[in-house]
Amino acid sequence: MVSPHPVRLAVEDDLRRSRLTVFFRLLLAIPHFFWAVVWSILMVFVAVVNWVATLVAGRLPAGLHKLTAAYVRYLTQLFAYLSLAANPYPSFTGTDRYPIDVEIDEPAPQRRLITLFRLPLAIPALTFAAVFLASYAGGSYSSGEGESPYAGATTSSIGIVWTVAFFAWFACLALGRMPMGFRNLQAYGLRYGAQASAYVLLLTDRYPNLDPVDPLSTGPLHPVGLAVMDDLKRSRLTVFFRLLLTLPHLVWLVLWGLVAFLAGIAGWFAALVTGRLPRALHRFLAAYLRYVTHVGAFLLMTANPFPGFTGTPGRYPVDAELPEPERQNRLVTLFRIFLAIPAFAVSSSLYTLAFIAAFFGWFVALALGRMPRSFREAQAYALRYGAQTNAYFWLLTSRYPYSGPSLGQPEPEPEPELAPTPAELPA
Amino acid sequence: MAAYLLWPTDVPADLKLPSVDETQIFDAALLDETEDFERFLRWNDIASNVVLLVVLVLFAWRGWRFARESAAGRIGTGMLLGMIGLALVWIAQLPFAIAGIWWEKRYDIVTAGYVEWVLENWLVLGAQFLFICLWLLITMALAAPLRDRWWLAAAPVFAGLALLLAFLTPYLVPDQRDPEPALAADGRRIARATGEEGVDLKVQEIGDLTEAPNAFAAGLGPSRRVVLWDTLLEPPFDRDQVRVVLAHEYGHHESGHISKGLAWYALISLPILFVVARVARRWGGLYQPRAVPVALLALVGVSLVVQPFDNLITRRMEMEADWVALETTKDPDSARELFEEFADTVLQDPDPPEWAHVWFDTHPSIVDRIAEATAWENRR
C-alpha cells in the first residue's frame with residue numbers, strides 16, 4: 001500500500017463564479033503579481049538555505065518548512081484564482097483556507113543523497129510542471145538587405161492550465177459557473193505544480209505524482225471511454241525502436257485519414273439531413289478512431305504490443321470504447337467544427353503532456369523494462385480525451401468531451417436474485 | 001533470352017584493353033596509402049556482412065518469439081518481425097559502420113560528425129523499415145490466395161514498384177540546385193551531343209558531409225536528370241574533367257542504363273523470390289508470419305550471393321558510359337586525369353585484388369578505366 005503523497009490538493013470549490021471578478025480577473029490579480037515576484041525572489045535564497053539545512057540535518061527545520069509551505073500554498077492559490085479554478089480572492093499569506101488548497105505534511109526525514117542531487121532529479125518534474133503551468137511567448141524579427149526584406153518568427157507555448165483558463169473565461173462569463181471538467185483538469189495541474197515546487201524547495205523528498213486519477217473527483221459518465229488492460233511491462237527492443245516501428249502505421253494513418261476525411265464530410269451532410277450518422281459511416285469512422293488510439297498508444301508507449309492496421313475493437317490493450325449510432329441535434333451538427341475547437345485545443349495540450357511522458361518514459365522503460373504507472377495513466381487520460389474529442393468531431397457522439405481526469409463509473413448491474421435453496425425454504 | 005538481349009554494350013566487342021602499370025602512373029606512397037585505406041574498409045565490410053548473416057541466422061532461429069510483442073494480425077505481425085530483424089541487424093552492424101566512418105574521417109574523406117552521421121543512419125533505417133513493410137505487405141498479401149506461388153505475382157509487382165521509384169528518384173534527392181551558367185552551357189552541349197537534350201542537369205550540395213566526388217544519372221522519361229555533387233566543382237577537378245563526368249552520366253541515359261537496370265532487376269528478382277518462397281515453405285510459407293525471419297535470412301543471403309553478378313552488370317554499364325564519354329568529349333587525356341584524381345581524392349585503390357573487385361566494386365578499376373581511355377585513343 002502506497003502512503004498518500006505528503007503534498008495533496010484539497011478541493012472544496014462549488015463551481016460557482018462571479019461574472020464580474022471573472023471578467024476582470026487578470027487586473028484584479030495585479031497586486032498579487034507584485035507580491036508573488038517579491039516572494040519568489042526571496043524563495044530563491046530560502047531554497048539554497050533549505051538545501052544546505054536539509055543536507056546537514058537530514059530534514060527541513062520547522063521554521064523554514066513553515067515559510068516554504070506557505071509559499072507553495074500561496075502560489076497554488078494564486079494560480080487557482082488566475083486560472084479560474086477557484087472563485088474567491090486569495091490571501092497574501094498562503095496560510096488562510098482556500099477552495100483549492102494544498103495540504104502539506106509536517107517535516108519528515110529526507111534522504112541526503114536525494115537531497116544532494118535534488119535539482120537534476122527535479123528536471124523531469126519541472127518539465128511536467130512547465131507543461132501544466134508555464135507560458136511562453138517569444139519571437140525574432142530581422143530586417144535586412146538580403147533577398148527577403150522581412151523575416152520574422154514567433155513561437156509561443158501555453159501550459160494546459162492556461163489553455164483551459166482561456167476557454168473557461170468565456171464559459172464562466174456565459175454561465176456563471178466553471179465547467180466541472182475544466183476545474184478538475186486544472187486541479188490536476190495545480191496539484192502537480194504544488195508537488196513539483198514542494199520537491200524542488202525541499203518540503204519533501206517524495207517525487208511528484210503524475211497520475212491524474214483522483215477517486216475523490218469523479219466526473220460524469222461519458223459514452224466514449226478508454227479501456228486499459230496493460231500490465232506496464234515493455235519490450236526494451238521495441239521501446240528503443242518505437243518511433244521507427246511506428247512509421248508504417250503513420251503512413252497508413254495518413255492514407256486512411258484522407259479517406260476518413262471524405263467519409264466525415266459525407267457523414268456530416270447525412271447527419272444534417274437524417275439527424276444521425278449512417279451506420280456504415282459510423283462503423284468506418286469508429287474503426288479509424290480506434291486505430292488512431294491504438295497507434296497513439298503504441299507510439300507513446302502507453303501500451304506494448306505492435307497494433308494491427310484495422311482498428312478492430314478489443315484487439316489492443318489500450319482501446320477506445322465507442323457508442324452505437326444515436327440521434328443527434330442538427331443545429332449542433334451544423335456547428336460541430338467550431339464547437340470542437342476548444343476541445344481540440346485542450347486535447348493538443350494534453351498530448352504535449354503525453355509526449356513529454358513518452359520522452360522520459362522511453363529512458364525509464366529502456367532501463368527497467370516497465371513504464372511508470374503514473375506516466376501511463378497520464379497518457380491514457382490524454383488518449384481518452386483525444387478519443388472523445390475525435391468522436392465528437394467525427395459525429396460518433398453528440399456528447400461534448402469531458403476534460404476532467406476521472407470519468408464516472410456506470411452503476412454495476414444488479415445481481416440477479418437467486419431462487420432460495422431448499423434449505424432456505426420455510427418449512 | 002532476356003539476359004542475352006540485355007548483355008551487349010556499345011563498347012566494341014573486340015576492344016583489347018592495353019596493359020597499364022599502375023606504378024608508372026601513381027607514386028608508391030599513394031599506392032600504399034590507397035591499398036591500406038581500402039584494405040581496412042574491405043575487411044570491415046566482410047566482418048559486417050558476417051555479423052549480418054550471424055544475426056539473421058539467430059533471428060531465423062529465435063526471432064519468432066518477438067511475435068508476442070504484436071497485437072496485429074497476420075501481416076502486421078509479419079511486418080513487426082521484419083522490422084525487428086532489420087533493427088537487430090542495424091544494432092549489430094553499427095560498430096562496423098562507425099569504424100568505417102572513423103577510418104574515412106581519418107583520411108578526410110568524410111567530414112560529417114558522428115552524431116550527424118548516426119542521425120542520418122537512423123533515418124535510413126526508418127526508410128528500410130518502410131521498405132520491408134511494403135515488401136512483406138505485398139508478399140504476405142499475395143501468399144493468401146496464391147500460397148507458395150506468391151513469388152510469380154510478386155516479381156512483376158516489385159518490378160512495377162522499382163519502375164515507380166526510378167521515376168521518382170530525381171525528385172527525392174535533397175539539396176539540388178541549378179548549375180552555374182558555364183556548367184549549364186557544358187551540360188547543354190553534351191546533352192545535345194549525346195542526343196539527350198531533354199535531360200536536366202542539377203548540382204547537389206553535399207560538400208558539408210563529404211569530400212568525395214560523385215555524380216549520377218537518375219529518372220525515367222520526363223523525370224530524367226543528371227546530378228553532379230558540388231565536390232566535383234572544386235579543385236583538383238578542372239572544367240575538362242567535369243565535362244568527362246557529364247558525358248559519362250549523359251552516356252548512362254543515352255545507353256538506357258536505368259531501363260536496362262530495371263530489366264535486370266526484374267530478371268534477377270524472379271529466382272531470388274523463388275528461393276525465398278522455397279525456404280519459407282518449410283516454415284509454413286510466407287502466409288505465416290512465423291516464416292518472416294527465415295525469409296529475411298533467405299532474401300539477404302541470396303542477395304549476397306548474387307552481388308558479384310549485380311556488380312558485373314553495373315561494371316559493364318559503367319564501362320559503356322565511359323566509352324560514350326570518350327566518344328562525346330574526344331578527350332582521353334582529361335578522362336585519364338579524372339580517373340587518376342579518384343585515387344588521390346577518395347583513395348580508391350587503382351588496381352584492387354581480383355576477389356575484392358568481383359565482390360565489392362560496382363565500377364571498373366581505375367587502371368581499367370585508364371586502359372579503356374588509351375584503347376579508345378589507339379583505335380582512332
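This one's a predicted model, so the numbers in the text were calculated from it and none came from an experiment.
- Of the residues considered (A/Pro307, A/Pro305, A/Ala303), A/Pro305 shows the highest number of contacts with chain B, using heavy-atom pairs under 4.5 Å.
- A 6.0 Å sphere centred on CH2 of B/Trp61 holds no more than 12 heavy atoms belonging to other residues, nucleotides or ligands.
- Annotation: residues 123-135 of chain B contacts chain A through B/Leu125, B/Gly126, B/Phe129, B/Leu130, B/Cys133 [non-hydrogen atoms, separation under 4.5 Å].
- Surrounding CZ of B/Arg282 are at most 12 heavy atoms belonging to other residues, nucleotides or ligands under 6.0 Å away.
- Using a 4.5 Å cut-off between heavy atoms, A/Leu247 touches chain B through backbone and side chain atoms alike.
- Both the backbone and the side chain of A/Pro248 come within contact range of chain B, judged by heavy atoms closer than 4.5 Å.
- Heavy atoms from other residues, nucleotides or ligands lying under 6.0 Å from CG of A/Leu119 number 12 at most.
- The contact list for residues 66-73 of chain B toward chain A, using heavy atoms and a distance under 4.5 Å, reads B/Phe66, B/Glu69, B/Ser70, B/Ala71, B/Ala72, B/Gly73 by residue number.
- The 12-atom threshold is exceeded at OH of B/Tyr114, counting heavy atoms of other residues, nucleotides or ligands nearer than 6.0 Å.
- Residues of residues 140-171 of chain B lying within less than 4.5 angstrom of chain A, judged on heavy atoms, are absent.
- Of all residues spanning residues 78-95 of chain B, those with a heavy atom less than 4.5 Å away from chain A's heavy atoms are B/Met79, B/Leu80, B/Met83, B/Ile84, B/Ala87, B/Leu88, B/Trp90, B/Ile91, arranged by number.
- Within 6.0 Å of the CG atom in A/Asp231, the count of heavy atoms belonging to other residues, nucleotides or ligands exceeds 12.
- Of the two parts of A/Phe298, neither the backbone nor the side chain holds a non-hydrogen atom closer than 4.5 Å to a non-hydrogen atom of chain B.
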